Every structure is written in C-alpha cells, then in structure tokens.
Amino acid sequence: MLRKNEEREGVVASVGAEGEGILKDEGIIVFVPFALPGEKIRYKVLKVKDKFAFGKVLEILTPAEERVRPRCPAFGKCGGCRLQHVKYSNQLKIKEKNIETCFAKIAGLRVSVSSCAKGDNEYRYRNNLQLPVRKQNGQTVLGFYAENSHRVVPIEDCLINAPWTSGIINAAKAFMEEFGLEGYCEETGEGDVKEITVKDIKGNLIITLVSPRSNVKGLSRFPEIIKKFVKYTFSLYLNVNPHNNNVIYGEEFRLICGAPEYSAEMLGIKFKIGVTSFMQVNNSVCSKLYSAVISLLKLDGSQTVIDAYSGAGAMTALLALRAKKAIGIEVVPEAVHLADILKEQNGLGDKMANIPGRCEDELPGIITRERAKGGEVNIVLDPPRKGCDIKVIEALIESGADKIVYISCKPSTLARDVGLLVGSLIYSDGQLVKLKEYTPRYTVKTVKPFDMFAQTKHIETLVLLERTQQ
C-alpha cells in the first residue's frame, strides 16, 4: 500500500488531461506532473486516495526521447507551461490524444481527431498578459500563480508572451517602488495594486492597472515610467475593483492616457478592441481557426448564422460577409458597442445584427424567429471554459439547427456539451448519464485541434456537427 511521503520508483504509462504522467503502483493510479510515457522515475508520494494518488518527480532515471530542457527559469513553479519539457511535435500528439480520450470517456463518442494546427511561433506568441500583484511575506511580488494556488511566483519575463513583457514588469516595479505602493493582500483586503493587464492590438498596447481604490498615488506619472521601458504606443487605464474575489476587473474604468480602443484587421474585416473586449491570445492561430469555421459552414449567401458568445464581433462580421445574415449575441456591453462600430465600418448593414444579452436568455427566441423564416440556420458557439449553459443546449436541441460549429478551449466541457447535443448524454436528476442506446440528433463530422496555447496543457478545438436526417 502506498503511503504519504514515501519515495518509490515506477515507469510512466501515459499522459493525463493536465499534462501529467500516469503510472500504476500496487494497483493504485498515480498522477505525477512533468513525467513522460516510458520514463522510469523516482517519485515522492504526496497524497493517497482510495483508487488514486498524487506524486512529485524526484529524479528521472530513464528519460524519454521526447524530453527537452525547458527554456524558462520559472518552469515547474508557475502554473503556465506544463509541457515545456516536451518536444513540440509531441506536445501536439499529447493534446490530440487528450481530446480523443475526453470524447470517449465523457460522452461515449469515438471520434477521429485531425492533426493539430500550429501557429507561427512556439514562443513569444501571446498578445495578452494578466499579472497578479500580491504582498507575500512582507514583500510585493509580480508574477503568475502557482498551479492550483493563489501564491504568486515572481517572474522577470514570460517566454510565451510578447517581447514587451519584461518591460511592463520592470515599469510596474519602478512605479510602485518610486511611490511606495504595495501589492494586494487577499487576507486583509489591503494594498494599492491588484493586477496589471495588457492587450496587444497589432503593436498598440492597452495597459490596465487594477486597484482596490480610485486614488492611486503617483498614477499620472506612470505613463512616463512606462515609456522608459516599453517602446510601443499604449493606453493606460485605471480599473477600480474593491472586491476580494477571483474576478480581475471591477465595474469602474478610467482612461489615464492614450486611445480608448485600437483598430485591427483579420481576413478582410476591420475591427476595434477595447479594454474589456475578448480577443484570442494567438493571432496566427486565431486566423487559421476562423478560416476553418468559414470553410466548414460552406456559406453561399443563402444561410443565416447565429454567432453565440460573439465578443467584439469579428467572427460575426466574417460570417456576415458570406452568409445571408449573421446574428451575434454578447453579454459585455462594450463588446456589443464595438461590434456595432465594426458592422458600420465594414458596410455590413442589414447583413449583421448584434444582440446584447446572455446566450441562455436570447438564443432560444432568436433561433425560433429565424427558423420560422425558413432557410438554413447554422450556429457558431464559442463559450467560456465552463461550456454552454444547459438552457443554451436545450435551445439548440429544440431548434434542429442544420449545422453547429463549436469552438472550445476545454476538451472536457466540449465533450460533455457535444454528447448532450448528439444524444449520447442526458441529465437525469441533476446527474450526467451516458446512454448505451440512443438515436443521434447530430453527426460529429470534424474534430480539429488548434494549438492556440503552445507549451501549455491547453488546446483550442473546433467541432462541426451536422443534423442527422430522421
């Protein structure tokens, strides 16, 4: 029997959904981060449950051929790049297998997963930075959270983030030191700075300092300090968030300097991004993903497409160019405003509509109205990591939409929602139940991964569902 804190040896059999090695020891499944299949390892048992345990690698006795030396000094400490120790080509295989496993185990669906589309760069691809600032052990720390923790690991740079990252970190440190500002303490709710965030829109940065208070000492000086470290055009916002929770932004934004938003272009569509607008973190992969959506729907000007969770409207506009009409649904008011500007800027007029509200509230009525008009109605879903609200799933099932394209950054919730749409899963008394026999409502035609998040355990996946003829 495995015991906590003992040291053992074993051979890793496979890789789990979190990028961790999996082995079996005395009949117990053991999850060991940063271990690879085929490796013989010495590990320490950290926690033991009835049927599984968790361990920590102490020594790689026989390394796998795909193991490489991580480039980042914070690897293994911060919760970001869980696969940086793996050759990139093998990272893609691990992610493809994870998607296949999720569909089989969660939804009871055997799917064919296409080869993973990759971006232009394995490093320095991220256009978005979220940097928590905390007071720990009496010191202010800027960095990233450790895995499954609110402890911030201090960093000087991030190798998967854009080249301006170290400059932003140094500017923030210099500003806080000059004015004696402290990081936020979650235990007491005290401190001056909670977070620094940055969006990069084609070389124009939107920088936001998040504080629990509306008067931050020396804030008017911060732009001058940033200019010493960062040679980019930028805007600076103050966001006031007095709440002690996991939400980054509060409701109040104040523009300190620069433009309120910046323009960009993708696949022939011009659009604007503001401080709260959602944007995919990898520009090159995003372009490939959106191109694939358009290709799979085979739009010829006769279809209506509903773009659920539409953000600032870039995808809605791309669909509107090729469909009879595209309708976006988005809950963030600023994003809807920018989508309306985008519609006018691209001359889409009556071909594009932007509906403010939650998808679970708005989608059922929109689907009913559009189906009543006749013609083909297709749906594009790009929900947050938690997946679709059950009301959205029910509306989609009721609608009988001809095609559903589902974009997801979490294979487990993707598999669950696809299983519900297809019919292999149902909720019974609040529990998810896998059916052995059912009549499929939809056929899974395409499962295509896009490596939006190289070096990490995360993967973006595109699924095409087509309604079965019954």
Side-chain angles (χ1 to χ4, degrees), residues 17 95-114 292-293 295-298 303-309 327 329 358-372 374-450 459-470:
K95 295 179 181 185
E96 292 162 9
K97 183 65 177 177
N98 179 27
I99 296 166
E100 183 182 289
T101 300
C102 282
F103 271 87
K105 288 188 174 181
I106 296 170
L109 297 173
R110 298 197 176 277
V111 299
S112 176
V113 179
S114 302
V293 172
S295 176
L296 288 174
L297 287 174
K298 295 182 170 61
Q303 304 92 341
T304 297
V305 186
I306 302 170
D307 181 15
Y309 311 95
I327 303 168
I329 308 171
R358 300 189 307 169
C359 276
E360 53 265 38
D361 296 334
E362 303 296 335
L363 185 61
I366 294 172
I367 289 176
T368 300
R369 289 195 298 272
E370 295 303 321
R371 293 292 291 178
E376 185 175 325
V377 177
N378 299 324
I379 314 290
V380 174
L381 300 170
D382 191 0
R385 288 177 58 79
K386 65 180 181 180
C388 292
D389 186 278
I390 186 60
K391 290 182 181 178
V392 172
I393 297 294
E394 290 170 349
L396 290 168
I397 292 171
E398 182 68 23
S399 75
D402 298 281
K403 293 177 182 177
I404 299 174
V405 171
Y406 195 137
I407 302 167
S408 172
C409 60
K410 190 172 183 180
S412 58
T413 55
L414 171 66
R416 178 201 66 200
D417 289 353
V418 169
L420 290 167
L421 290 168
V422 168
S424 65
L425 294 177
I426 61 169
Y427 277 110
S428 178
D429 296 326
Q431 299 295 316
L432 202 59
V433 177
K434 196 185 305 181
L435 300 179
K436 291 184 179 179
E437 294 184 6
Y438 62 94
T439 301
R441 303 182 194 96
Y442 287 91
T443 301
V444 181
K445 303 294 289 186
T446 301
V447 181
K448 176 71 174 178
F450 291 78
I459 184 69
E460 198 88 2
T461 310
L462 175 64
V463 171
L464 171 65
L465 302 174
E466 290 188 358
R467 183 160 54 99
T468 57
Q469 301 300 320
Q470 299 178 15

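Keep in mind the model is a prediction, meaning the values are calculated, not measured.
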Enquirer: Do Tyr406 and Pro383 touch side chain to side chain, with heavy atoms closer than 4.5 Å?
Expert: yes
Enquirer: Would you say Lys105 has more than 12 foreign heavy atoms packed within less than 6.0 Å of its NZ?
Expert: no
Enquirer: Between Ile329 and Glu360, is a side-chain contact (heavy atoms from CB on, under 4.5 Å) present by the stated rule, with each step listed?
Expert: CA-CA 10 Å; Ile329 308 171; Glu360 53 265 38; over 6 Å; no
Enquirer: To the nearest 0.5 Å, what is the distance between CG (Leu381) and CG (Leu363)?
Expert: 7.5 Å
Enquirer: What distance do Leu396 atom CG and Ile367 atom CD1 have between them, rounded to the nearest 0.5 Å?
Expert: 5.0 Å
Enquirer: Is any side-chain heavy atom of Cys102 closer than 4.5 Å to one of Leu414?
Expert: no
Enquirer: Give, for atom CG of Asn378 and atom CD of Glu370, the distance between the pair rounded to the nearest 0.5 Å.
Expert: 12.0 Å
Enquirer: Taking the side chain as every heavy atom from C-beta outward, state whether Val377 and Ser399 have any pair of such atoms under 4.5 Å apart.
Expert: no
Enquirer: For Glu394 and Pro364, indicate whether the former's side chain and the latter's backbone hold a donor-acceptor pair under 3.5 Å.
Expert: no
Enquirer: State, with a plain yes or no, whether a side-chain heavy atom of Leu420 is found less than 4.5 Å away from one of Leu432.
Expert: yes
Enquirer: Without swapping roles, check the side chain of Asp389 against the backbone of Lys391 for a donor-acceptor pair under 3.5 Å.
Expert: yes
Enquirer: When rounded to the nearest 0.5 angstrom, what distance separates NZ in Lys448 from OG in Ser112?
Expert: 10.5 Å
Enquirer: Mind listing the closest non-hydrogen atom pair of Arg441 and Ile397 along with its distance?
Expert: NE-CG2, 3.4 Å
Enquirer: Could you tell me whether the side chain of Arg385 and the main chain of Lys410 form a donor-acceptor pair under 3.5 Å?
Expert: no
Enquirer: Where do Asp402 and Gly375 come nearest, in terms of heavy atoms and distance?
Expert: OD2-O, 4.4 Å
Enquirer: Could you pull out the closest heavy-atom pair between Val433 and Ser428, with the gap in Å?
Expert: CG2-CB, 3.8 Å
Enquirer: Once you round to the nearest 0.5 Å, how far does CD1 of Ile404 lie from CD1 of Ile306?
Expert: 10.0 Å
Enquirer: Do Ser408 and Val463 have side-chain heavy atoms sitting under 4.5 Å apart?
Expert: no
Enquirer: Is there a side-chain contact (heavy atoms from CB on, under 4.5 Å) between Leu462 and Leu296 once you walk through the steps?
Expert: CA-CA 10 Å; Leu462 175 64; Leu296 288 174; 3.6 Å; yes
Enquirer: Nearest heavy-atom pair of Tyr309 and Cys388: which atoms, and what distance?
Expert: OH-CA, 3.8 Å
Enquirer: Heavy-atom distance under 4.5 Å between the side chains of Val113 and Thr461, does that happen here?
Expert: no
Enquirer: Is there a donor-acceptor contact under 3.5 Å from the side chain of Thr446 to the main chain of Leu464?
Expert: no
Enquirer: Which atom pair, heavy atoms only, marks the closest approach of Pro440 to Thr468?
Expert: O-OG1, 2.8 Å
Enquirer: Hey, are the side chains of Ile407 and Phe450 touching, using non-hydrogen atoms and a 4.5 Å cut-off?
Expert: no
Enquirer: Can you check whether Val305 reaches Ile379 side chain to side chain, under 4.5 Å on heavy atoms?
Expert: no
Enquirer: Looking only at heavy atoms, which two atoms of Ile459 and Pro411 are closest? And how far apart?
Expert: CG2-CG, 3.7 Å
Enquirer: Can you tell me how far apart CG (Leu465) and NZ (Lys403) are? Round to the nearest 0.5 Å.
Expert: 11.5 Å
Enquirer: In chain order, what residues pass the side chain to side chain donor-acceptor pair (under 3.5 Å) check against Lys97, with sequence neighbours excluded?
Expert: Glu100
Enquirer: Would the distance check show the side chain of Arg416 and the main-chain N or O of Ile106 forming a donor-acceptor pair, the cut-off being under 3.5 Å?
Expert: no
